[in-house]
Amino acid sequence: MAKAGDFSLPDAFRPDKPIDAICQADEPVLGGLTFVDRANAKKLAAGLADCAAVLCKSSDVDILVAAGIDAIPTDHPKAAFQDALTVLFTKSLGNSPVIADEENVTILANGASVSRTAELEEDVHVGRGAVIGDGVQIGRGTRIGANTVVARRCKIGRECDIGDNVSIQYAMIGNSVVLAPGVRIGQEGFGFVPRADGLKKMPQLGRVILQDKVEIGSNTTIDRGTLGDTSVGQGTKIDNLVQIGHNVQIGVSTVIAGHVGVSGSSRIGNFCMLGGGVGIADHLTIGDGVQLAAASKLMNDIPAGERWGGVPAVPMQEAIRQYAALRKLTASSKKKAQ
């Protein structure tokens with residue numbers, strides 16, 4: 001949730017109550033502004049009573065008003081919400097600034113640039129050509145690789161190993177975290193709203209949180225959250241070339257193999273195992289201890305402790321039966337062709 005202080009929306013979207021925060025409909029806050037669409041208005045209405053206002057379609061106004069909610073009708077709630085974010089957070093689009101004043105920089109002997117407002121504990125090694133931004137905090141014994149960029153206000157814990165050519169922004173990183181070369185942390189999520197004049201980017205306001213002892217493989221990307229944070233739990237290990245979308249929540253000690261793609265706002269539990277090439281649709285929930293076979297494509301929630309596989313993914317025993325039936329069918333077809 002992003003605090004917005006005292007602000008006003010464009011006239012077309014001005015509610016009767018003061019707005020104190022921007023929030024997601026599934027994580028409402030007191031005095032917040034959010035939006036719902038036809039698919040989730042009735043389901044979420046009861047939890048939105050504390051919000052200052054909810055953008056919705058005209059057909060949903062009665063549902064929300066009955067729940068005591070200040071409903072603001074509009075033909076396109078998500079687009080209206082996007083307009084509000086764009087007005088309120090005009091500087092949120094694009095990458096984070098690294099160093100505001102180039103004269104307020106210390107140039108190390110190896111060519112690395114360190115802002116004088118950065119705080120580095122003892123025994124921090126900054127590699128050749130690295131850039132450490134304004135207000136960055138880095139803990140004791142951490143190594144920052146060559147040509148790595150740490151944008152302003154990021155925090156990195158102690159005894160971390162940050163590889164070469166890594167970029168970090170809008171992030172808080174715990175202790176003993178390993179980021180392999182080429183990792184990208186905290187860039188904008190892939191969020192666009194289709195509109196009459198084309199696709200328009202949804203402002204991204206959240207962070208990336210990596211807890212202690214997380215390890216991230218080479219060229220893996222973890223997007224910052226839209227409103228809340230993207231987070232990876234303690235001890236989780238993520239392989240090379242993995243894409244973690246905005247707002248994704250991953251539990252502790254989960255293992256994710258290479259080429260996995262996790263779409264935005266999905267939640268993965270503790271002690272899960274995802275095989276290589278798994279694809280996970282957005283807004284899904286995967287329970288603790290779940291195992292997903294390699295190359296599976298998930299379109300549904302999975303309860304804790306289950307093993308799934310296939311395209312689309314189903315419980316493993318069902319996937320095996322489907323595969324056996326397909327083999328039998330193709331074998332029968334071959335015999336008839338002969």
Side-chain angles (χ1 to χ4, degrees), residues 24 26 37-40 43-44 180 183-184 189-192 194 208 210 214-223 225-226 228 230-338:
Q24 299 175 146
D26 57 353
D37 56 32
R38 190 64 182 165
N40 64 9
K43 177 182 177 182
L44 297 174
V183 166
R184 307 296 179 211
F190 192 67
F192 296 88
V208 173
L210 304 181
V214 166
E215 296 190 21
I216 310 293
S218 295
N219 298 316
T220 283
T221 295
I222 303 180
D223 295 340
T226 302
T230 303
S231 67
V232 180
Q234 180 173 323
T236 283
K237 315 298 182 185
I238 300 177
D239 199 2
N240 304 332
L241 296 167
V242 171
Q243 164 64 36
I244 306 297
H246 52 204
N247 305 324
V248 168
Q249 310 286 310
I250 301 175
V252 305
S253 298
T254 283
V255 178
I256 299 177
H259 291 269
V260 168
V262 185
S263 298
S265 299
S266 285
R267 300 189 177 190
I268 300 172
N270 305 315
F271 301 101
C272 294
M273 301 180 70
L274 276 59
V278 164
I280 298 174
D282 59 296
H283 292 85
L284 297 183
T285 298
I286 297 173
D288 294 344
V290 164
Q291 297 181 20
L292 263 172
S296 301
K297 308 304 176 189
L298 185 65
M299 306 293 290
N300 303 95
D301 295 344
I302 303 181
E306 297 195 1
R307 299 174 65 226
W308 283 40
V311 181
V314 294
M316 188 59 71
Q317 290 302 315
E318 183 179 345
I320 292 170
R321 288 194 297 269
Q322 290 178 355
Y323 181 61
L326 181 60
R327 289 189 63 184
K328 184 176 180 180
L329 180 62
T330 55
S332 175
S333 298
K334 286 180 182 179
K335 289 180 180 179
K336 289 180 180 179
Q338 293 173 353

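The structure presented is a predicted model; accordingly, all values stated were derived computationally and were not measured. Sequence positions, counted from 1, serve as the residue numbers for this chain.
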Side chain of [X], backbone of [Y]: donor and acceptor closer than 3.5 Å?
X: Asn270; Y: Val252; value: yes
X: Asp288; Y: Gly269; value: no
X: Asn247; Y: Ser265; value: no

Indicate the atoms forming the closest heavy-atom contact of [X] with [Y], along with that distance.
X: His246; Y: Gly225; value: CB-CA, 4.1 Å
X: Ala293; Y: Gly309; value: CB-CA, 4.0 Å
X: Ala180; Y: Gly217; value: CB-C, 3.7 Å
X: Leu298; Y: Trp308; value: CD1-CE3, 3.8 Å
X: Lys297; Y: Val278; value: NZ-C, 4.3 Å
X: Phe190; Y: Asp223; value: N-OD2, 3.9 Å

[atom1] of [X] to [atom2] of [Y]: how many Å apart, nearest 0.5 Å?
X: Ile286; Y: Ile302; atom1: CD1; atom2: CD1; value: 5.0 Å
X: Gln291; Y: Glu306; atom1: CD; atom2: CD; value: 11.5 Å
X: Arg321; Y: Leu326; atom1: CZ; atom2: CG; value: 15.0 Å
X: Arg184; Y: Gln243; atom1: CZ; atom2: CD; value: 13.0 Å
X: Leu44; Y: Gln24; atom1: CG; atom2: CD; value: 11.0 Å

With side chains defined as the heavy atoms from C-beta onward, is the minimum distance between [X] and [Y] less than 4.5 Å?
X: Cys272; Y: Leu274; value: yes
X: Gln249; Y: Ser231; value: yes
X: Asn240; Y: Asn219; value: no
X: Ile222; Y: Thr230; value: yes
X: Ile280; Y: Val248; value: no
X: Val260; Y: Leu292; value: no
X: Thr220; Y: Ile256; value: no

Looking at Tyr323, I want to see if its OH is surrounded by more than 12 non-hydrogen atoms of other residues, nucleotides or ligands under 6.0 Å.
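Not buried by this count: 12 neighbours or fewer within 6.0 Å.
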Got a sec: does the CE of Met316 have more than 12 other heavy atoms crowding it under 6.0 Å?
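Counting neighbours around CE of Met316, more than 12 heavy atoms of other residues, nucleotides or ligands fall under 6.0 Å, so yes.
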